[in-house]
Amino acid sequence: MGYFLLAVAKVLGMALNLYMWIVIISALLTWVNPDPYNPVVRTLRGLTEPLFYRIRTWLPFVRVGGFDLSPIVVIFAVVFLDTFLVNNLVALAQRF
């Protein structure tokens, strides 16, 4: 059981790390105004915009002076989940 929890923790940590990089790349792409019909851009926007939209509706103060700070909120949430959830799963796996 311990190895299973450790494997779940590692896969979850890798998935959270991958999503953090997707959020960073998506935020950087807003600075250069890429082609909206590019499949890579569409995939990145499809993976990030639903979460950004929910954060913008729940926290209306994330738009400050024309700047959208919702990617920063998502990155903080991903780092929190990675630190809290993954480390707790690893600690639980070590107890087994």
Side-chain angles (χ1 to χ4, degrees):
M1 183 70 171
Y3 288 119
F4 177 74
L5 285 175
L6 187 61
V8 168
K10 291 204 180 255
V11 169
L12 183 62
M14 289 173 25
L16 287 170
N17 192 13
L18 176 67
Y19 192 70
M20 183 178 69
W21 282 107
I22 288 172
V23 168
I24 290 170
I25 292 168
S26 178
L28 290 176
L29 280 178
T30 61
W31 293 356
V32 295
N33 199 10
D35 179 24
Y37 298 107
N38 187 334
V40 174
V41 175
R42 292 179 72 138
T43 302
L44 288 172
R45 295 271 166 94
L47 290 172
T48 56
E49 277 302 317
L51 188 57
F52 291 167
Y53 175 75
R54 286 188 181 161
I55 289 175
R56 286 183 206 121
T57 57
W58 289 341
L59 305 171
F61 57 85
V62 294
R63 286 195 174 237
V64 178
F67 290 109
D68 184 17
L69 302 178
S70 57
I72 295 173
V73 173
V74 171
I75 290 172
F76 284 157
V78 167
V79 169
F80 174 78
L81 285 174
D82 188 32
T83 303
F84 178 74
L85 190 61
V86 172
N87 288 340
N88 278 334
L89 280 174
V90 168
L92 184 63
Q94 289 174 350
R95 283 190 220 140
F96 280 113

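Side chains included, hydrogens not; waters and symmetry mates left out as well; all remaining heavy atoms used.
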Enquirer: Sequence neighbours excluded and cut-off under 3.5 Å, please list the side-chain donor-acceptor pairs for residues 27-40, or say none.
Expert:
| residue | atom | partner | partner atom | Å |
| --- | --- | --- | --- | --- |
| T30 | OG1 | A27 | O | 2.5 |
| D35 | OD1 | Y37 | N | 3.3 |
| N38 | OD1 | V40 | N | 3.1 |

Enquirer: May I ask whether I72 and F52 are part of the same hydrophobic cluster, defined by side-chain heavy atoms of I, L, V, M, F, W, Y residues being less than 4.5 angstrom apart, directly or through others?
Expert: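 Shared cluster, yes.
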Enquirer: Does anything in residues 43-62 form a side chain to side chain donor-acceptor pair (under 3.5 Å)? List the pairs, not counting sequence neighbours.
Expert: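 Side chain to side chain donor-acceptor pair (under 3.5 Å) check on residues 43-62 returns S26-T48, E49-R56, R56-D68.
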Enquirer: Pair up each side-chain donor or acceptor in residues 13-23 with any protein partner under 3.5 Å, not counting sequence neighbours, and list the distances.
Expert:
| residue | atom | partner | partner atom | Å |
| --- | --- | --- | --- | --- |
| N17 | OD1 | W21 | NE1 | 3.3 |
| Y19 | OH | L47 | O | 2.9 |

Enquirer: Side-chain heavy atoms nearer than 4.5 Å, only ILVMFWY residues, links allowed to pass through others: does that put V62 and V64 together?
Expert: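 Yes.
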Enquirer: In this structure, would V78 and I55 fall into the same cluster of hydrophobic residues linked by side-chain contacts under 4.5 Å?
Expert: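 Yes.
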Enquirer: Do L59 and F76 share a hydrophobic cluster, counting only Ile, Leu, Val, Met, Phe, Trp and Tyr and linking them when any side-chain heavy atoms are less than 4.5 Å apart?
Expert: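 Yes: a chain of side-chain contacts under 4.5 Å links L59 to F76.
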Enquirer: Sequence neighbours left out, cut at 3.5 Å: what donor-acceptor pairs do the side chains of residues 82-96 make with other protein atoms?
Expert:
| residue | atom | partner | partner atom | Å |
| --- | --- | --- | --- | --- |
| T83 | OG1 | V79 | O | 2.9 |
| N87 | ND2 | T83 | O | 2.8 |
| N88 | ND2 | F84 | O | 3.2 |

Enquirer: Answer with yes or no whether the hydrophobic clustering places F61 together with V74; edges join I, L, V, M, F, W, Y residues whose side-chain heavy atoms lie under 4.5 Å apart.
Expert: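 Yes; V74 is reachable from F61 via cluster members.
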